[in-house]
Visitor: 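Next up is a structure, given as structure tokens.
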Protein chains: 2
Amino acid sequence: MAKRVSISDIAESLGVSKALVSLVVNDKADAHGISAETQRRVREKIRELNYQPDLFARSFRVGKTNTIGLIVSDISNRFYARIARDIEDHAWSNGYSVIICSTDENVEKEMKQIKLLRDRKIDGLIISSSQDNSDFFNKLEEAGFPHVLIDRRFDDMQSANVSVDNYGGARMAAEHLLKQGFSSFAVVALSPDHISTIRERIKGFTDTLGKANVQIPPRWLISLPFDRIDEVLENRFQSLYHRGQLPGAIFTLNNNLTSSCLKYLTKLSVKIPEEVAVIGFDDIMYFEHTRPTVSAISQPTDRISEEAFTLLLKQIKKEKTDKRQHSVVLPVDIIIRESSIKH
Amino acid sequence: MAKRVSISDIAESLGVSKALVSLVVNDKADAHGISAETQRRVREKIRELNYQPDLFARSFRVGKTNTIGLIVSDISNRFYARIARDIEDHAWSNGYSVIICSTDENVEKEMKQIKLLRDRKIDGLIISSSQDNSDFFNKLEEAGFPHVLIDRRFDDMQSANVSVDNYGGARMAAEHLLKQGFSSFAVVALSPDHISTIRERIKGFTDTLGKANVQIPPRWLISLPFDRIDEVLENRFQSLYHRGQLPGAIFTLNNNLTSSCLKYLTKLSVKIPEEVAVIGFDDIMYFEHTRPTVSAISQPTDRISEEAFTLLLKQIKKEKTDKRQHSVVLPVDIIIRESSIKH
DNA sequence: AAATGATGTTAAATCGATTTAGGTAGTCTA
DNA sequence: TAGACTACCTAAATCGATTTAACATCATTT
């Protein structure tokens with residue numbers, strides 16, 4: 001394995017200083033009055049020896065790695081997979097690489113990952129956090145570390161953040177179901193109940209039902225632990241089914257939960273939407289093709305990624321930003337398909 | 001933003017050398033006969049000043065970054081998303097981070113990404129390559145750079161690699177369709193036709209049909225450009241449909257293609273499987289819930305990830321490996337659902 | 001002829017660690 | 001008491017770049 005050519009090799013073989021070579025490489029030669037002829041010779045030698053600057057060494061020196069971190073609960077979830085892809089694209093076209101971490105909704109793991117990423121000297125972080133308050137990120141903000149929270153938010157939050165109108169989306173879902181004439185409702189949620197998206201979606205839904213004087217009884221507020229969604233949901237559905245206590249309509253709080261509901265209702269031969277209607281938060285392509293096709297609140301993943309990356313880049317480049325543009329809330333759409341149409 | 005505590009700060013405040021502190025930090029103190037008392041003082045000071053070694057500087061010095069690269073055509077494709085997640089898990093539990101890149105089947109982009117990742121001094125690379133020959137990777141192998149090819153393979157390949165039995169899977173699909181009594185067949189493939197998975201799947205399918213004296217006419221060999229799958233497929237289906245030339249059964253070569261077929265056949269109100277049957281390579285969870293449910297050849301993504309990471313780690317750790325264990329081919333399963341059952 | 005200015009270049013510090021070949025002081029042996 | 005040995009510790013090189021202050025030359029001005 002031939003040793004790599006370093007800046008010293010160029011300098012020595014040309015009888016000039018490393019400084020000069022560095023200046024040429026970084027296009028600062030003119031500004032430092034290096035003669036055109038010398039620059040030519042350096043460039044020629046660089047080509048001749050196939051010198052490629054060691055980005056790692058440079059990063060070490062200048063303290064910038066051109067790498068950002070992306071932390072989400074699970075990169076294989078379609079919602080986050082799409083966001084990851086979009087962010088990767090934006091990163092790539094701006095010369096950044098992205099390190100991806102999945103937390104499994106585990107706060108401790110998330111903390112370790114953030115620590116590791118900072119040790120690795122990433123330039124910035126985009127994160128959908130599982131934490132239950134903003135303390136940590138407020139500290140990060142104070143420390144001036146570039147970061148953008150996506151998807152989930154906190155109440156007294158200083159950090160830049162991009163989220164969607166969860167409350168509004170849930171309200172649309174509720175209004176739609178009410179208009180269809182359903183009268184009993186269940187919510188299938190995720191169990192760390194401090195997560196803002198979950199809270200807001202539940203609130204949007206129940207508030208709207210409340211206005212129509214509809215309450216959701218506790219047995220229909222189903223909250224599933226992240227790592228045992230399937231198992232627990234199947235049990236709950238079974239027991240509700242056998243007691244004849246299935247609701248008229250179910251609002252599921254993310255695409256995984258929607259899929260699981262589909263799966264276990266189907267397994268019980270419960271007809272959707274005739275016996276139980278379903279509408280979910282977060283739309284994915286497959287809901288167009290399932291049996292029945294599934295109604296969902298669709299989130300603009302591409303815009304989330306774009307806004308988040310833009311906000312992050314501004315912080316990294318230390319551009320002055322208006323704190324009011326710091327917090328972006330994007331609109332959602334309701335996509336009505338068969339699963340929520342009253343028979 | 002308070003400056004970080006460095007090893008010199010510890011050394012100075014204690015009146016010892018940086019070397020000593022480093023030895024203590026790296027648990028090499030005993031081996032170097034540093035007295036227990038001194039070690040205690042160092043550790044105490046480290047705690048007191050909350051010193052955290054700069055991993056980046058360390059990486060620079062020792063030439064290991066504890067970072068690996070993962071390059072695939074599209075991280076938002078469910079197949080790769082799952083693999084990414086699994087690899088990330090293995091990496092995390094072994095102290096590695098992973099940088100993810102999507103190539104969009106663009107060889108030039110792939111080359112640039114590899115170059116960038118190597119510049120960033122990743123310790124190893126797992127890649128599903130879009131290249132059309134093994135030259136580049138053979139060079140990489142010669143250079144001793146740790147890497148594992150996944151999913152796609154090359155003929156005269158030196159590099160470690162993990163793939164599945166594409167030929168066998170395609171044969172199963174063909175045999176199944178023949179047994180169902182279908183007599184005319186189309187293949188929906190991806191257009192860079194040098195990709196091994198595509199080639200092997202086509203060959204496995206056509207070979208098997210050939211043995212039953214069935215040929216596929218050119219109009220039913222549909223090859224779609226990666227970036228315009230939907231657009232082109234819709235056109236092809238429309239023209240076939242209007243000329244009454246739809247085949248009895250379609251074999252689609254990956255989960256995206258399967259989804260697209262579903263979409264555009266449905267759009268034309270073509271009944272699956274009554275008018276056209278469908279079976280796809282690569283199973284995803286949703287195929288259990290689509291209308292109709294979709295038959296597919298299922299790949300063991302978890303084992304692909306596991307084998308790939310294991311092989312990579314061995315190379316990174318420079319463990320002697322038997323070249324015969326260098327090339328892993330995993331078995332696939334056929335999952336028969338409604339879409340391929342003859343009416 | 002001295003001062004000033006312009007032009008082109010470099011020495012050396014620096015980033016924060018790791019590593020290796022020694023050095024010192026005290027004790028023990030012959 | 002010289003030499004060897006032990007126990008502890010350190011100086012300095014190194015990884016590969018960037019950056020800044022300063023230094024030669026030589027030409028021009030006063």
Side-chain angles (χ1 to χ4, degrees), chain A residues 1-43 45-46 49-67 118-123, chain B residues 1-43 45-46 49-67 118-123:
Chain A
M1 194 169 9
K3 231 182 120 293
R4 238 185 117 100
V5 182
S6 82
I7 200 169
S8 315
D9 298 327
I10 302 291
E12 274 167 33
S13 78
L14 233 38
V16 300
S17 70
K18 296 189 296 173
L20 193 155
V21 178
S22 173
L23 292 174
V24 172
V25 168
N26 293 289
D27 287 329
K28 293 181 184 164
D30 283 335
H32 282 252
I34 308 297
S35 73
E37 169 60 11
T38 308
Q39 292 192 37
R40 219 213 69 249
R41 284 172 54 225
V42 172
R43 281 189 237 277
K45 183 60 80 177
I46 285 178
L49 302 188
N50 187 29
Y51 164 65
Q52 328 221 140
D54 184 318
L55 295 189
F56 199 82
R58 171 184 293 163
S59 286
F60 178 51
R61 175 59 227 249
V62 304
K64 297 231 146 285
T65 55
N66 280 279
T67 303
R118 294 201 65 190
D119 279 349
R120 291 218 192 300
K121 294 278 188 296
I122 55 165
D123 295 338
Chain B
M1 197 171 4
K3 233 183 118 294
R4 238 184 117 100
V5 182
S6 83
I7 200 168
S8 315
D9 298 328
I10 302 291
E12 273 167 33
S13 78
L14 232 38
V16 299
S17 70
K18 296 189 295 173
L20 192 154
V21 178
S22 173
L23 292 173
V24 172
V25 167
N26 292 289
D27 286 329
K28 293 181 184 163
D30 283 335
H32 282 251
I34 308 298
S35 73
E37 169 59 13
T38 308
Q39 292 192 36
R40 220 214 67 249
R41 284 172 51 223
V42 172
R43 281 188 236 277
K45 185 60 79 178
I46 285 177
L49 301 188
N50 187 31
Y51 164 64
Q52 325 222 143
D54 184 318
L55 295 189
F56 199 82
R58 171 184 291 162
S59 286
F60 178 52
R61 176 59 226 251
V62 305
K64 298 230 144 284
T65 54
N66 280 281
T67 303
R118 294 200 65 189
D119 279 348
R120 291 218 191 301
K121 294 279 188 297
I122 55 166
D123 295 338

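Chain identifiers are assigned alphabetically (A, B, ...) following the order of the sequence lines, protein sequences preceding nucleic acid strands; residue numbering begins at 1 within each chain. Given the structure is predicted, the values throughout are model-derived calculations rather than measurements.
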Visitor: Find the distance between NE2 (B:His32) and OG (B:Ser22) and round it off to the nearest 0.5 Å.
Guide: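 So the gap between those two atoms works out to 9.0 Å.
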
Visitor: Suppose we screen for salt bridge (Lys or Arg N to Asp or Glu O under 4.0 Å). Which residues come up paired with A:Lys121, at least two apart in sequence or across chains?
Guide: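 Residues passing salt bridge (Lys or Arg N to Asp or Glu O under 4.0 Å) with A:Lys121: B:Asp54.
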
Visitor: Compare the ring of B:Phe60 with the six-membered ring in the base of D:dC15 and state whether they stack (centres under 5.5 Å, planes under 30°).
Guide: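 Stacked: ring centres under 5.5 Å, planes under 30°.
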
Visitor: Could you state the CD-C1' distance from B:Glu37 to D:dC9, rounded to the nearest angstrom?
Guide: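 Going from CD in B:Glu37 over to C1' in D:dC9 covers 15 Å.
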
Visitor: Grab the CZ-C1' distance between A:Arg58 and C:dT14 for me, whole Å please.
Guide: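 Value for this atom pair: 16 Å.
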
Visitor: When you check the gap from the basic side-chain N to the acidic O, do A:Lys45 and A:Asp9 get nearer than 4.0 Å?
Guide: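 Looking at A:Lys45 and A:Asp9, the cut-off is not met.
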
Visitor: List for me each residue that meets side-chain hydrogen bond (donor to acceptor under 3.5 Å, both in side chains) alongside A:Gln39, sequence neighbours excluded, and say none if there are none.
Guide: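 For A:Gln39 the side-chain hydrogen bond (donor to acceptor under 3.5 Å, both in side chains) partners, ignoring immediate neighbours, are A:Asp30, A:Arg43.
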
Visitor: Please give, in whole Å, the distance from C:dG16 C1' to B:Ile10 CD1?
Guide: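 Value for this atom pair: 13 Å.
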
Visitor: Whole-Å distance between C:dG16 P and A:Phe56 CZ?
Guide: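 Taking CZ of A:Phe56 and P of C:dG16, I get 14 Å after rounding.
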
Visitor: Grab the CD-C1' distance between A:Gln52 and D:dA17 for me, whole Å please.
Guide: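 Going from A:Gln52 (CD) to D:dA17 (C1'), I get 15 Å.
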
Visitor: Identify, with sequence neighbours excluded, every residue that meets salt bridge (Lys or Arg N to Asp or Glu O under 4.0 Å) alongside A:Arg41.
Guide: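 Result, salt bridge (Lys or Arg N to Asp or Glu O under 4.0 Å) vs A:Arg41: none returned.
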
Visitor: Give the rounded distance in Å between these two atoms: CG of B:Leu55 and C1' of C:dC15.
Guide: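 It works out to 15 Å between those atoms.
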
Visitor: Counting side-chain heavy atoms from CB outward, which of C:dT19, D:dT18, C:dG16 is closest to B:Lys28?
Guide: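 Shortest atom-to-atom distance from the side chain points to C:dT19.
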
Visitor: Report for the helix from C:dA1-D:dT30 to C:dA30-D:dT1: angle between first-end and last-end helix axes, five pairs each, rounded to 10 degrees.
Guide: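 Axis-to-axis angle, ends of the helix: 80°.
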
Visitor: Which parts of nucleotides 7-13 of chain C does protein reach within less than 4.0 Å, heavy atoms only, written one letter per nucleotide 5' to 3' as B for base, S for sugar-phosphate only and - for none?
Guide: -BBBB-B

Visitor: Expressed as a whole number of angstroms, how long is the span from B:Asn26:CG to C:dT19:C1'?
Guide: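 Computing the B:Asn26:CG to C:dT19:C1' distance gives 10 Å.
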
Visitor: Is the phosphate of C:dG16, meaning OP1 or OP2, less than 4.0 Å from a side-chain N or O of B:Ser6?
Guide: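 No.
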
Visitor: Taking ring-ring contact (aromatic ring centres under 6.0 Å, His included) as the test, write out the residues that go with A:Tyr51, two or more places apart.
Guide: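 For A:Tyr51 there are no ring-ring contact (aromatic ring centres under 6.0 Å, His included) partners, ignoring immediate neighbours.
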
Visitor: Taking side-chain hydrogen bond (donor to acceptor under 3.5 Å, both in side chains) as the definition, give me every residue that meets it alongside B:Thr38, ordered by chain and number, with sequence neighbours left out.
Guide: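 For B:Thr38 the side-chain hydrogen bond (donor to acceptor under 3.5 Å, both in side chains) partners, ignoring immediate neighbours, are B:Ser35.
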
Visitor: Salt bridge (Lys or Arg N to Asp or Glu O under 4.0 Å) with B:Lys18: which residues, sequence neighbours excluded?
Guide: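 With neighbours one apart ignored, the set is empty.
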
Visitor: In this structure, how many angstroms lie between the C1' atom of C:dC15 and the NZ atom of A:Lys64, rounded?
Guide: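 Atom NZ in A:Lys64 sits about 14 Å away from atom C1' in C:dC15.
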
Visitor: Below the 4.0 Å mark, does C:dT18 have OP1 or OP2 next to a side-chain nitrogen or oxygen of B:Ser22?
Guide: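 Yes.
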
Visitor: Taking side-chain contact (heavy atoms from CB on, under 4.5 Å) as the test, write out the residues that go with B:Arg40, two or more places apart.
Guide: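 For B:Arg40 the side-chain contact (heavy atoms from CB on, under 4.5 Å) partners, ignoring immediate neighbours, are B:Glu37, B:Glu44.
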
